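The structure appears below as structure tokens.
Note that the coordinates shown come from a computational prediction; the quantities given were computed from them, not determined experimentally. Just so you know, ligand 1 is whichever comes first in the structure, and atom 1 is the first atom listed for that ligand.
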Amino acid sequence: MPLKVAVVTGSNTGVGLSMVRALCKHFSENGAVYLTARNEERGLHAVEVLKKEGLNPRFHLLDVNDVTSMEKLRDDIKTEHGGVDILVNNAGILSKDNIPLYEQAVESIKTNYHGVLLMTNTFLPIIRDGGRVVHLASLVAARTFYNISEELQQRFKEVSTVEGVTGLMDEFIEASKEGDPTTKGWLDFAYGISKLGVAGLTKVQGENVSKDTSKKDVLINCCCPGYIRSNMTAHHTGEDTKGMISPDQGADTPIYLSLLPAGTNDIQGKFVSKRTVKNFFKDDIRPVTFD
Ligand SMILES: NC(=O)c1ccc[n+]([C@@H]2O[C@H](COP(=O)([O-])OP(=O)(O)OC[C@H]3O[C@@H](n4cnc5c(N)ncnc54)[C@H](OP(=O)(O)O)[C@@H]3O)[C@@H](O)[C@H]2O)c1
């Protein structure tokens, strides 16, 4: 039986590292699980951490802001294994809020939205039948959705092409460049908009892959891992940390989506939190809480 091949982006720390841990345990010697990182030292250190736990991840450099880096990983995996069974688009950033909103918009959308889009486009040709693609979004996407104008909400509900979602992201960047994006119905929160973009993208990608007759039983979904203690949330201290969960706990829902059994037709293009589909583009799921 061929090895199950899994790739997790940005997995030298946080939820990504925990997902590699969980996938290594799940597949044991029947899997090739790629821990990837943009920084070799941090990546190899993370590999050592898992090796000390008796696990055996493989390492590859990967910067999701660099298409050449994505293509190198895809080509190396194609040569070694022929294809990929699981792709987890985990790499993400939360911009420092002391930089101008326009810069936050550009960098957030580049890594959190285009990183996911380009990784999926680069890898889809080698995703095998039965493949699972999981994007890390956030419940912040739902909160953001409820705080943009009704007109923009409608456009997110109706968007049916990748170009349409990317166009919405471009519009937010443009509105941030011109001044205060709230005057155009947006929220002044670049991370939230980028994750809303991921949720919209997932919906469209799920529809497209279902119609693609060259792909059998490939599912593309996104999720919120919960509110996690990680480098991303490290600025939260004291009282704020009380409700937070560990990265291993946060890995539960994305791993659930990565391992959805064959023939799971009803979880396609969805946003999932705590193993439950949350259709916030269709249903009102307010109040949006991480509890
Ligand atoms: N933490 C939460 O409460 C929470 C809640 C909802 C959703 N999420 C989402 O879950 C995912 C993981 O979050 P986390 O808390 O584990 O964050 P984290 O600890 O900050 O880890 C983020 C990972 O992404 C990597 N990364 C950033 N830019 C990259 C790039 N251009 N190329 C490759 N890797 C890159 C980072 O690498 P470096 O170490 O080199 O920086 C790091 O490995 C993110 O997408 C985040 O938005 C997190």
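Any N or O atom pair closer than 3.5 Å counts here, and F290 shares no such pair with ligand 1. Residue N39 has no N or O atom closer than 3.5 Å to an N or O atom of ligand 1. Any N or O atom pair closer than 3.5 Å counts here, and T111 shares no such pair with ligand 1. Considering backbone and side-chain atoms together, T233 places no N or O closer than 3.5 Å to any N or O of ligand 1. For K195, a nitrogen or oxygen atom sits less than 3.5 Å from a nitrogen or oxygen atom of ligand 1, counting backbone and side chain alike. In terms of polar-atom proximity, A37 is not counted as a contact of ligand 1, lacking any N or O under 3.5 Å from an N or O of the ligand. Polar contact check, G16 against ligand 1: no nitrogen or oxygen pair lies under 3.5 Å apart. Checked by distance only, ligand 1 and I93 stay at 3.5 Å or farther apart across all their nitrogen or oxygen atoms.
If you look at F145 and F281, their ring centroids are closer than 6.0 Å. Residues H81 and Y34 bring their aromatic ring centres within 6.0 Å.
Counting protein heavy atoms only, atom 18 (P) of ligand 1 is closest to M232 N, 4.0 Å. The closest protein non-hydrogen atom to atom 47 (O) of ligand 1 is Y191 OH, 2.6 Å. Atom 22 (C) of ligand 1 has as its closest protein heavy atom G92 O, 3.7 Å. Given atom 41 (O) of ligand 1, the protein heavy atom at minimum distance is R38 NH2, 2.7 Å. The single protein non-hydrogen atom nearest to atom 16 (O) of ligand 1 is V15 N, 2.9 Å, given as residue, atom name and distance.
For the 3.5 Å distance criterion, the side chains of T9 and N90 fail to qualify, holding no donor opposite an acceptor. There is no side-chain donor-acceptor pair under 3.5 Å between D63 and S69. A side-chain donor-acceptor contact under 3.5 Å links S95 and S108.
Side-chain contact between I255 and L23 is present, with heavy atoms from C-beta onward closer than 4.5 Å.
By heavy-atom distance, the residue among D63, V198, T36, L62 lying nearest atom 31 (N) of ligand 1 is D63. Atom 15 (O) of ligand 1 has its nearest heavy-atom neighbour, among S230, C224, S69, A234, in S230. For atom 35 (C) of ligand 1, the nearest non-hydrogen atom from the set A91, A137, C223 comes from A91. Of the candidates A251, P247, G115, G226, it is G226 that places a heavy atom closest to atom 4 (C) of ligand 1.
Other residues, nucleotides and ligands contribute over 12 non-hydrogen atoms within 6.0 Å of the NZ atom of K215.
Note on K157 versus E150: no salt bridge recorded, every NZ/NE/NH1/NH2 to OD/OE distance being 4.0 Å or above. A salt bridge between E53 and K25 is absent, with no side-chain N of the basic residue lying under 4.0 Å from a carboxylate O of the acidic one. Comment: R21 engages D248 in a salt bridge, judged by a side-chain N to carboxylate O separation of less than 4.0 angstrom. A salt bridge links E80 with R58: the distance from a Lys NZ or Arg NE/NH1/NH2 to an Asp or Glu carboxylate oxygen falls below 4.0 Å. At a threshold of 4.0 Å, the pair R132-D85 does not count as salt-bridged, since none of the basic side-chain nitrogens sits closer than that to a carboxylate oxygen.
The atoms of ligand 1 that sit less than 4.0 Å from any heavy atom of G10 are 23 (C), 24 (O), 25 (C), 34 (N), 42 (C), 43 (O). Near G14, meaning under 4.0 Å from any of its heavy atoms, are these atoms of ligand 1: 16 (O), 19 (O). Taking a cut-off of under 4.0 Å to the non-hydrogen atoms of R42, the atoms of ligand 1 that pass are 38 (P), 39 (O), 40 (O). Near Y227, meaning under 4.0 Å from one of its heavy atoms, ligand 1 places the atoms 3 (O). Counting the atoms of ligand 1 from 1 in the order shown, those under 4.0 Å from a heavy atom of S138 are 6 (C), 7 (C). Residue contact check: N231 has heavy atoms under 4.0 Å from atoms 19 (O), 20 (O) of ligand 1.
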task: For the pair D180 and T182, evaluate side chain to side chain donor-acceptor pair (under 3.5 Å) and give the outcome as yes or no after the intermediate values.
output: CA-CA 5 Å; D180 179 1; T182 62; 2.7 Å; yes
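In terms of modelled atom types and a separation under 3.5 Å, the side chain of T36 and the main chain of L61 share no donor-acceptor contact.
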